[in-house]
Amino acid sequence: MDILPLELENIAGQKVSDKCGVVALLEDSGVEYRLIQSLRILQHRGQESAGICIYNGKNLKVYKGMGLVREVFSQIKIDQTGDRGIGHIRYSTAGSSVIDNAQPIFSRVGKYEIAMGHNGEIVNAEEIRNELESKGYSFNTTSDTEVILRLLAINLARGEDIIDAMKLTFSKIRGAYSLVIMINERVFGVRDPNAIRPLAIGKTKKGFGIASENVVFEQLGGKIIRDFYPGEIIELTENGYKSYRFGNESPAHCMFEYVYFARPDSTIDGRNVFEVRKKIGEILARECPADADIVIPVPDSGRSHALGYSIGSGIPFVEGLIKNRYVDRTFIMPTQNKREDELDIKLNPIKEVVQDKRVVLVDDSIVRGNTMRKIVKLLRDAGAKEVHVRVGSPPIKYPCYLGIDMKTKEQFVAKEGKSLDELAKEFGANSVAYVSIDGLVEAIGFEKNNLCLGCLIGKYPIPITNLNANNFT
Ligand code: 5GP
Ligand code: MG
């Protein structure tokens, strides 16, 4: 086979595939400002880098940089305008914080310019890369997004129709992907056949859009039309949109979007995230009661679960921990010392609230246990009489290969075989209890087999090859 000419910007870096946020807009006037606003609305989905791609009537142009959306676009001058474009924000993982990983990524092949933003993770990227390399293609990165882009470019260069080229590409890749793609002036969104990560289409005040979460449409003066179906390509057009299906497996929506990742005011696949979290809390109160005086949430992500626990148990909800909103996210700091130092100044208890009280402390999830260890100590030092830890997700014990930054088993505090008493001791708490898997499933409201529970049970909706599993450090 001939080696097709392909220009790909240099995106040298390491494995880059994480929780991220994506957006696409096609409106009746310049979209660059609203693309940036959309990324700000989705900022919780990624704080490492931000980028947009605009079609200026002739070419695609990418603008991207490191940092929060506001920081990136206060430094970059956008010297083009266009009525359509895509945007991406990337979540950081320790050690991979470099501009080369920022998206959208861009490629030129024949008459096509292609830009792509990806949320998720491809489990057979390694295999496809090896296969293409053996045919003479070379890759700039180990990024799975480059693999998708490259496959698509190859299929387009063969002269395939654009939709056929996409279908052919997606028939080869396995994993979690919610994508926004521009091919010259055409704008697409794609959701994988298991619909693992969220993606929705909606109306904005001035046109149509695609976004990871529906809050984007609401805050841009419009509303959601619907979530993408599993295995669907949607093309935005001047009058609306066109839909193409390429797969129809049974959905396996990521439970962690509901537990932690998405905004509470988002509604994903018909379930409002706040309502799900509140329900988790109510079920947690039913399954794991505690004899206590007050319920305190771990801000911000444990609030809705704690409210549910309070409603379910009748124990008053009190904001007893104040969070410094200017402290960086501790979860992603590169070393354990750094994480603990930051945690030191992140949260402070209100002594007057907790003194002599039996406290139920509610958080959405426990991963390494750093946060919990710290907070229990803070509450005890502030005079709490008892601390009962209640957790809004079942124990996280297995890595995620489909887009959440939890890669190695060793990091999890809740390891196989560790008892709740041992965990309580480790956290310095009087008791520890987690919502059950069935309780979580009930709260989300889908059939169990329509959810991805991989990080809880170690079984994934898509076979994970060894090759891929070895890729994580
Ligand atoms: P831990 O301190 O146990 O490692 O992490 C648990 C805390 O971090 C919880 O408060 C939870 O809300 C938050 N958390 C859980 N998963 C993630 C994640 O993937 N990223 C970030 N930034 N925080 C997370
Ligand atoms: Mg949290």
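Atoms within each ligand, like the ligands themselves, are counted from 1 in listed order. Keep in mind that the numbers below use all heavy atoms, side chains included, and drop hydrogens, waters and symmetry copies.
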Is it true that the side chains of [X] and [Y] contain a donor and an acceptor less than 3.5 Å apart?
X    : Y    : result
S301 : R277 : no
Y258 : E275 : no
H253 : D269 : yes
Q103 : T145 : yes

Ligand-side contact atoms (ligand 1) for residue partner [X], heavy atom cut-off under 4.0 Å:
X    : answer
N370 : 1 (P), 2 (O), 3 (O)
R368 : 1 (P), 3 (O), 4 (O)
I366 : 3 (O)
G369 : 1 (P), 3 (O), 4 (O)
S301 : 12 (O)
T371 : 1 (P), 2 (O), 5 (O), 6 (C), 7 (C)

*For the ring pair Y229 and F246, is the centre-to-centre distance below 6.0 Å?*
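No, too far apart.
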*Give a yes or no on whether the ring-centroid distance for Y398 and Y460 is below 6.0 angstrom.*
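Aromatic pair excluded; centres sit 6.0 Å or further apart.
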*Backbone or side-chain N or O of V298 under 3.5 Å from ligand 1 N or O*: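 Among all N and O atoms of V298, none is under 3.5 Å from an N or O of ligand 1.
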*Would you check whether I404 has a nitrogen or oxygen atom less than 3.5 angstrom from a nitrogen or oxygen atom of ligand 1?*
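There is no such contact.
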If you measure from each non-hydrogen atom of [X] to ligand 1, which part falls under 4.0 Å: side chain, backbone, both or neither?
X    : answer
F412 : neither
F256 : side chain
S365 : both
D363 : side chain
D364 : side chain

*Strictly under 2.8 Å, is any N, O or S atom of S301 next to the Mg ion (ligand 2)?*
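Checking the Mg ion (ligand 2) against S301, an N, O or S atom does fall under 2.8 Å.
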*Cation over ring, R197 on Y177, under 6.0 Å and within 45°?*
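Relative to the ring axis of Y177, which defines the angle, R197 lies outside at least one limit.
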*Report yes or no: is the cationic atom of R373 (NZ for Lys, CZ for Arg) under 6.0 Å from the centre of the six-membered ring of F427, at an angle within 45° of the ring normal?*
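So R373 doesn't make the cation-pi contact.
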*Mind checking whether Y91 has a heavy atom under 4.0 Å from ligand 1?*
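Judged by the 4.0 Å heavy-atom criterion, Y91 does count as contacting ligand 1.
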_With a 4.0 Å cut-off on N to O distance, would you call D421 and K425 a salt bridge?_
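Answer for the salt bridge query: no.
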*asked:* Test side chain to side chain contact (heavy atoms under 4.5 Å, CB included) on S365 and F256; report intermediate values, then the result.
replied: CA-CA 9 Å; S365 60; F256 208 58; 3.8 Å; yes
